[in-house]
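Report on the structure given below.
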Amino acid sequence: MENMNTFEMAKVYAPKEMEERIYKMWEESGAFKPKMVKGKKPFTIVMPPPNITGQLHVGHALDEMPQDVLIRYHRMKGDPTLWVPGTDHAAIATEVKVVEALQKEGLTKKDLGREKFLDRVWDWRKEYGGRIVQQLRKLGVSCDWSRERFTMDAGLSKAVRETFVNLYEKDLIYQGWRMINWCPCCKTSISDAEVEYEEQAGNFWHILYPVKETGEMIELATTRPETMLGDTAVAINAEDERYKHLHGCHVILPLINREIPIVLDEHADMTKGTGVVKITPAHDPNDYEVGKRHGLPMVRVFTYDGHMTGAAEAKENADLIASGRATKDEPVVLDCGKYAGMTTQEARKAIVADMTELGCLKKVEPLTHEVGTCYRCHQTIEPMVSKQWFVKMEPLAKPAVQVVKEGKLRFIPDRFEKVYLNWMENTRDWCISRQLWWGHRIPAFYCDDCGSVHVTREDIDKCPNCGGKVWQDEDVLDTWFSSALWPFSTLGWPEKTEDLAYFYPNSVLSCGYDIIFFWLARMVFSGLEQMGECPFEVALMHGLVRDAQGRKMSKSLGNGIDPLEVIEKYGADALRFSLEIGVAPGSDVRMSHEKIETYRNFANKIWNASRFALMNMQGFEPKGVPSADKLALSDKWMLKRFNDIVREITNNLESFDLGMAATNLYDFIWSNFCDWYIEMAKHELNGDDPEAKNAAQETLIYVLTGLLKLLHPYMPFITEELYSYLPGHEGMLITSSWPAANPEHDFTEDAEQMEAVMEIIRAARNLRAEMKVNASKRATLILKPAPALEKAFRAAEGYFMRLAAASNVEYLAPDAPNPEKSASAVTPGASLFIPLGELVDVDKEIARLNKDLKNAEGEVSRAEGKLNNQGFVAKAPAALIEQEKAKLEKAKGLVLSIAERIKELESLK
RNA sequence: GGGGUUAUAGCUCAGUUGGUCAGAGCGUUACGUUGACAUCGUAAAGGUCGAUGGUUCGAGCCCAUUUAACCCCACCA
């Protein structure tokens, strides 16, 4: 490919035109597909599948970044690298969207019926499901789209079914009546993990129940008076002296005059309130347990859509019991009479009013308490007793705890290990059935004739026992049940595919810490159970995106950042970099347009640095690696520093310090490469020594090529584009090889000399700035160098002239008198003088030098203190002591030189 | 109630196993357009690393106590 004429390169980097073109080139070239090599360890990540309902938001961008960085790094390293993308059917979220769409047409789910409704969801999916996947491409994700999966596609549905049947056969899935979390808004059960607790203002209602045997009133407190109609006991503690006389007595429930027993139970805490607690087994998890201990009846008073039950529900329930299809575990439904049909909130008001009228309300005490809400719709959760399917967690959790304790699964940062273990060690059975239509239908078939239940891999229509007609369970599975299988279901399981054998277990799983319980934990035990191996070795956690003030981004606050808009304006690379740079693993990221702009500017910097390099390549044929003999001091310094940064970035990536690697790259490219090296190289490039020029060209291209490679995982588009312009490039950057440090370029000594030169340049600039010398006014730079460095300084004259505005450089012997009327400074490598004639004010000169002297003296006393400390000398490592000694010598020398200079100036006064 | 995170320059944050008189970006100030880049350059100002005590020759980093903010988990009637 011919080198691009640099005149065609725009002065300003314009991402918009190139990103789409480059992405298309990558995708069509097959660069995203792994090169499977037998015996070579692959690097695999599965992408957390975004919901098909999703619109790309900046949280997705943050989610993809660490993955794409690692994937691109490993691909360049030469590992067989696979990143599997896909989408999640998102049972509730999607169903809600489609129901809403129907509502606009005046239709309900029931109007359509199950089959037609599902057709509508698939239509919806066809229309919108691909949207998020197209949007992800704009971020530059380099996943293998040919392996894209969907949690509801045929293969994954098979995996779900296989898993369900496996667990059922092992007795790890069971069906039963249990206390579950019910969302009256979504009208489905949800798992414990899906309940979010919110602090809410509420009341403590102190109410009075009359005791039948003694006629006295006992006081108890409740936060939910509307549940009292479902009370089937009152509990006191057996040890409670206050109530010993009530053992065996009963109370008459006001409002409905139901007689219920007073039971003795440890749940009643003597130290809390009055020590008396009402027991509503059908609507409170604690009371449910108490009820089971005492064989109390369960009375349900709420409907599944959040109203008080009435005659209709009660009759239905009675019929069910009469038909024998209800079990003893099923609550009896109460006709709540005058309260029937009220919402629970309305009932609360009415019941409190009626109790007040009866004189049964003693007092109301305001309090704030944690209320469970649904993570989807944020409505209050009602605990209900309901027949559901559960995964038995204890046997599954055990190995999932083990793998972490044995270090087979490592969390980054490791504090999340504790979060994970705490959950895994205490988790309760997982309620997996959902009263929805969109999702994987539970493969359980019921025979009404013989009452048997059959869980099968293939659908059946006849009862295997009696040949009677069977019907399938109406419910579907929790959407997380299918995503729990993602690391192996996407590779073809339960089929024994080549992909599965090669890419399982995965290498890394990266996700936000907010889905550790929903997803990560469940993948671990599912992988262990179905595959016998932990699904990944490393769990790399990231945080949440916040706005500039640290608030969560939300629609209501309007503080969101639209990634598509940002990409349009600043480019995907700028967005990507701003999400990664300086972010410690697992911590939240603040985002703002200003921040993204900063890294757009960085992209522009690289663009222009490359433009500069290309402008200076006329007639240049790169040989690949610069050889030592013709290299200038600055070239050697650059090559040495490049070695350093290659090692540093590689180490950082290996240890998952992605934010650190980005910071290092930013600093290195801007400061070392652009501000220093390019500026110095201009001397050779514009000089009349063709060999020196060639060496600078060689170095410039070598280092620039390497830097583009190092930066590529973070800023894939601009680096790919620039790489294509470089002389000597081959193929695409995305599939090029990761740079390695070249030991022949470890020019340590030359680099030190260069640093001494740089120090003089800084000092000279400082002097000029302080003396307010116009930048365009050149002046003689007089050096009194340390003898060992004079040669290096003479070689660096061009840099002094170019970077320190020196008109010429003169040298003084160590014992020569210092020039008069000069601004001066002292560096370890040399004293420098800039004769500025009348501009020099001796008093100011002395003042400034005194400041420097003070600093140097401070350093001397610090180093001396250290070296005089017996403990330090005895215990510190030898290298450190040597270093300290060297520093002391240096500082002492400085003190002497500065003091001498001051003395000299004093005498001039 | 249990667990966790954070506290470093005006703002946002780095600082990897304790060892170069504490770093960056933005902001501020002063200069500056000499053909890569004003989406830029040069220089400067600015911090007793939340507080107290301890371990150590040596602490921003380790330990204890403490203050403040935030987060997660938990069935507190």
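Sequence lines set the chain letters: A, B, ... in the order given, protein chains first and strands last, and positions in each chain run from 1.
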Problem set entry | Ionic contact status for A/Glu679 with A/Arg802, cut-off 4.0 Å |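 Judged by the 4.0 Å cut-off on N to carboxylate O distance, A/Arg802 and A/Glu679 do not form a salt bridge.
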Exercise. Could A/Arg224 and A/Glu382 be called an ion pair, given the rule that one side-chain N must be under 4.0 Å from one carboxylate O?
Worked result: yes
For this session: Examine A/Tyr570 together with A/Tyr599 and report whether their ring centres are nearer than 6.0 Å.
Result: no
Problem set entry | Check: A/Phe517 ring centre within less than 6.0 Å of A/Tyr420 ring centre |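 So the answer is no for these two rings.
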For this session: May I ask you to say what A/Met179 touches in the nucleic acid, namely base, sugar-phosphate or nothing, with a heavy-atom cut-off under 4.0 Å?
Result: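 It contacts nothing in the nucleic acid.
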Exercise. Looking across every strand, which nucleic acid part, if any, lies under 4.0 Å from A/Pro877 by heavy atom: base, sugar-phosphate, or nothing?
Worked result: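 Here A/Pro877 touches the bases of the nucleic acid.
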Would you measure the distance from the [atom1] atom in [N] across to the matching atom in [M] and give it in whole Å?
N     : M     : atom1 : answer
B/A7  : B/A14 : C1'   : 15 Å
B/A59 : B/A51 : C1'   : 16 Å
B/U8  : B/G25 : C1'   : 15 Å

Problem set entry | Helical stems, RNA chain B - three or more consecutive Watson-Crick or G-U wobble pairs below 3.5 Å | B:1-7 with B:67-73, B:10-13 with B:23-26, B:28-32 with B:40-44, B:50-54 with B:62-66
Exercise. What string of B, S and - do you get for nucleotides 39-50 of chain B, 5' to 3', if B is base contact, S is sugar-phosphate-only contact and - is no contact with any protein heavy atom under 4.0 Å?
Worked result: BSSSSS------
Tell me whether the side-chain N/O atoms of [X] come closer than 4.0 Å to OP1 or OP2 in [N].
X        : N     : result
A/Tyr197 : B/C75 : yes
A/Arg415 : B/G4  : no
A/Lys854 : B/C21 : no
A/Lys418 : B/G4  : yes

Problem set entry | Rounded interatomic separation in angstrom, taking CZ from A/Arg590 and P from B/C70 | 13 Å
Exercise. Could you state the CG-P distance from A/Asp588 to B/C70, rounded to the nearest angstrom?
Worked result: 14 Å
For this session: Report the relative orientation of the aromatic rings in A/Tyr677 and A/Phe673; use parallel for angles under 30°, tilted for 30 to 60°, perpendicular for over 60°.
Result: parallel
Exercise. Should the heavy atoms of other residues, nucleotides or ligands under 6.0 Å from NZ of A/Lys682 be counted, would the total exceed 12?
Worked result: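 Yes, the 6.0 Å shell around NZ holds more than 12 heavy atoms from other groups.
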